[in-house]
Amino acid sequence: MSGFVLIRGGRVIDPANGMDATGDVLLEDGIIRAVGRPDVPGGTTVLEADGLVVAPGLVDMHVHLREPGFEYKETIAGGTLAAAAGGVTTVACMPNTRPVNDDPSITGYILQKALQEGIVNVAPIGAVTKGLEGRELTEMGLLMRAGCVAFSDDGRPVADSGLMRRALDYSRAFGALIIQHAEEPSLSAGGCMHEGVISSRLGLPGLPAAAESVMVDRDIRLVELTGGRYHVAHISVAGAVEAVARARARGLPVSCEVAPHHFSLTDEAVVGYDTDAKMSPPLRSVEDRNALLEGLARGVITVIATDHAPHDSDSKRVEFCHASNGVVGLETMLPVSLELVRDGVMTWMDCLRAMTVAPARLLGLDRGRGTLSPGSVADLVLFDPEAAWVVDAARLHGTSKNTCFHGRRVRGRVKKTLVAGRIVFDDDL
Ligand SMILES: [Zn+2]
């Protein structure tokens with residue numbers, strides 16, 4: 001759609017501007033022009049939003065798009081289609097592709113492919129170390145110039161302390177964010193689920209909570225030493241939340257994200273050996289889950305991100321310990337996160353902030369992503385907050401269907417997703 005578009009009569013929630021009120025949003029040529037009760041020029045196209053929430057398009061800062069190299073699991077086209085269906089208008093994609101995104105030419109390839117075949121914004125995350133091998137730092141400056149928005153060896157931790165120190169130090173020159181998959185390998189080795197009562201009962205090798213908290217503790221010491229910006233990916237244990245809370249209270253540049261599966265499920269879900277309940281970090285104990293909820297409520301955890309990790313069924317239809325780690329999450333992020341609002345853990349405003357402006361600011365996304373401020377690019381989601389539905393793996397839009405929420409009753413359904421004013425997903429079609 002070109003020209004003027006009016007999204008009329010919705011409940012407009014824009015956390016960046018502290019707005020939650022019924023009103024209209026006027027777009028012009030893909031840009032937000034006004035919010036509230038704007039004067040509407042003749043010839044304006046109208047989208048009725050009565051009964052719907054109108055919010056900035058969601059920003060998911062932890063997504064695996066699998067292209068290049070693993071197109072049988074997911075492609076940029078399929079992954080961005082899943083994003084659009086979930087109301088997600090920007091995905092930050094992790095560098096563990098084949099080849100790894102550790103070189104500006106790979107970043108350029110991803111961005112080019114996203115431009116040609118993607119339907120939402122794609123913001124590549126570059127590797128911290130070449131080949132994710134944990135030995136030699138990448139050229140962060142060149143990668144940022146090529147379009148990378150942050151750095152991570154996700155899937156693997158940056159285990160070597162000296163190397164992590166250098167990465168945090170070096171990243172300061174560019175103001176870059178270092179995202180850590182926090183796991184001390186000598187503690188996690190061999191584990192395939194959370195170590196606790198249930199792993200003992202199931203006879204599966206466990207991976208202790210300390211594997212994560214030890215690494216977060218270490219990294220925070222290195223942040224003290226260097227002043228680098230540090231972000232914990234998919235935080236999952238109480239000890240790590242506590243460490244991040246203390247660091248933030250002291251004003252250190254430390255943040256973290258939580259995935260919907262970690263705040264909504266526990267290691268109980270592994271009973272029955274369902275490989276769609278296998279991910280890294282694993283589903284944790286009830287106590288850990290409660291700490292995650294408290295972390296969200298207290299504002300220690302400021303970002304919700306999916307760790308969307310598509311896997312073909314061959315990688316999952318094997319013995320539990322041999323199955324690939326990860327679940328898809330883009331299409332269930334919004335309704336599962338809205339459970340936090342219904343359960344009184346977060347307000348509407350805080351919940352949507354954690355999926356819009358909070359990640360957008362951490363990644364330094366340009367052109368006003370994650371807000372409805374006039375002048376911003378018109379990336380929006382329109383959703384029915386009350387619509388109830390049952391998650392059905394077979395009906396997901398992405399290439400791979402490995403959801404841990406199959407059969408879950410949820411509320412909140414994306415009706416339309418707009419990227420730069422263009423409708424990229426329409427539930428009514
Ligand atoms: Zn990870």
Side-chain angles (χ1 to χ4, degrees), residues 60-66 69-70 73-74 79 91-98 100-102 123-129 131-134 148-160 163-164 167 177-185 187-189 191-194 207-216 218-219 230-237 240-241 243-244 254-263 265 275-284 288 292 301 303-311 315-316 323-330 333 359 362-363 400 402 404:
D60 187 349
M61 68 181 286
H62 194 142
V63 170
H64 298 272
L65 287 177
R66 304 300 189 205
F70 302 97
K73 292 179 188 284
E74 190 52 282
V91 295
C93 59
M94 285 297 176
N96 60 342
T97 46
R98 190 169 59 202
V100 167
N101 183 14
D102 60 3
I125 293 174
V128 175
T129 67
L132 307 177
E133 285 173 353
C148 286
V149 295
F151 296 90
S152 182
D153 274 1
D154 184 59
R156 300 180 187 178
V158 178
D160 184 282
L163 192 69
M164 188 51 142
L177 184 70
I178 301 290
I179 303 172
Q180 171 75 304
H181 173 115
E183 180 180 324
E184 166 49 52
L187 286 171
S188 63
C192 67
M193 73 169 291
H194 176 65
L207 195 158
E212 180 171 317
S213 47
V214 161
M215 191 58 101
V216 172
R218 180 205 77 175
D219 287 345
Y230 172 77
H231 180 84
V232 184
H234 43 52
I235 202 163
S236 72
V237 301
V241 176
V244 169
V254 170
S255 58
C256 64
E257 72 196 22
V258 65
H261 48 264
H262 285 126
F263 67 66
L265 300 172
T275 58
D276 285 335
K278 183 171 190 277
M279 62 286 278
S280 169
L283 297 173
R284 298 290 191 177
D288 289 313
L292 297 174
I301 301 171
V303 171
I304 296 171
T306 61
D307 192 9
H308 180 85
H311 284 295
S315 303
K316 284 291 196 181
S324 295
N325 282 314
V327 288
V328 294
L330 283 164
M333 177 191 206
L362 271 179
L363 299 176
S400 293
N402 51 309
C404 56

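In listed order, ligands and their atoms are each counted from 1. On a predicted model such as this, the values are computed, not experimentally measured, just so you know. Along the sequence shown, residues are numbered consecutively beginning with 1.
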**Student:** Would you please classify the geometry between the His234 ring and the His262 ring as parallel, tilted or perpendicular, with 30° and 60° separating the classes?
**Tutor:**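 Perpendicular.
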**Student:** Looking only at the side chains, is there a donor atom on one of His64 and Asp307 sitting less than 3.5 Å from an acceptor on the other?
**Tutor:**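 The criterion, which ignores hydrogens and geometry beyond distance, is satisfied for Asp307 and His64.
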**Student:** Backbone N or O of Val91 within a donor-acceptor pair of the Asp60 side chain at under 3.5 Å?
**Tutor:** no
**Student:** Donor-acceptor check, side chain of Thr129 to backbone of Gly134, threshold 3.5 angstrom: yes or no?
**Tutor:**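 Yes: the side chain of Thr129 pairs with the backbone of Gly134.
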**Student:** Sorted by chain and residue number, which protein N/O/S atoms are under 2.8 Å from the Zn ion (ligand 1)?
**Tutor:** Asp154 OD1, His181 ND1, His234 NE2
**Student:** Under the criterion side chain to side chain contact (heavy atoms under 4.5 Å, CB included), which of Asp288, Val303, Val258 is the partner of Ile235?
**Tutor:**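 Considering Asp288, Val303, Val258, a side chain to side chain contact (heavy atoms under 4.5 Å, CB included) with Ile235 is found only for Val258.
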**Student:** Is a side-chain N or O of Ser315 found less than 3.5 angstrom from the main chain of Ser324, in a donor-acceptor match?
**Tutor:**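 Between the backbone of Ser324 and the side chain of Ser315 there is no qualifying donor-acceptor contact (under 3.5 Å).
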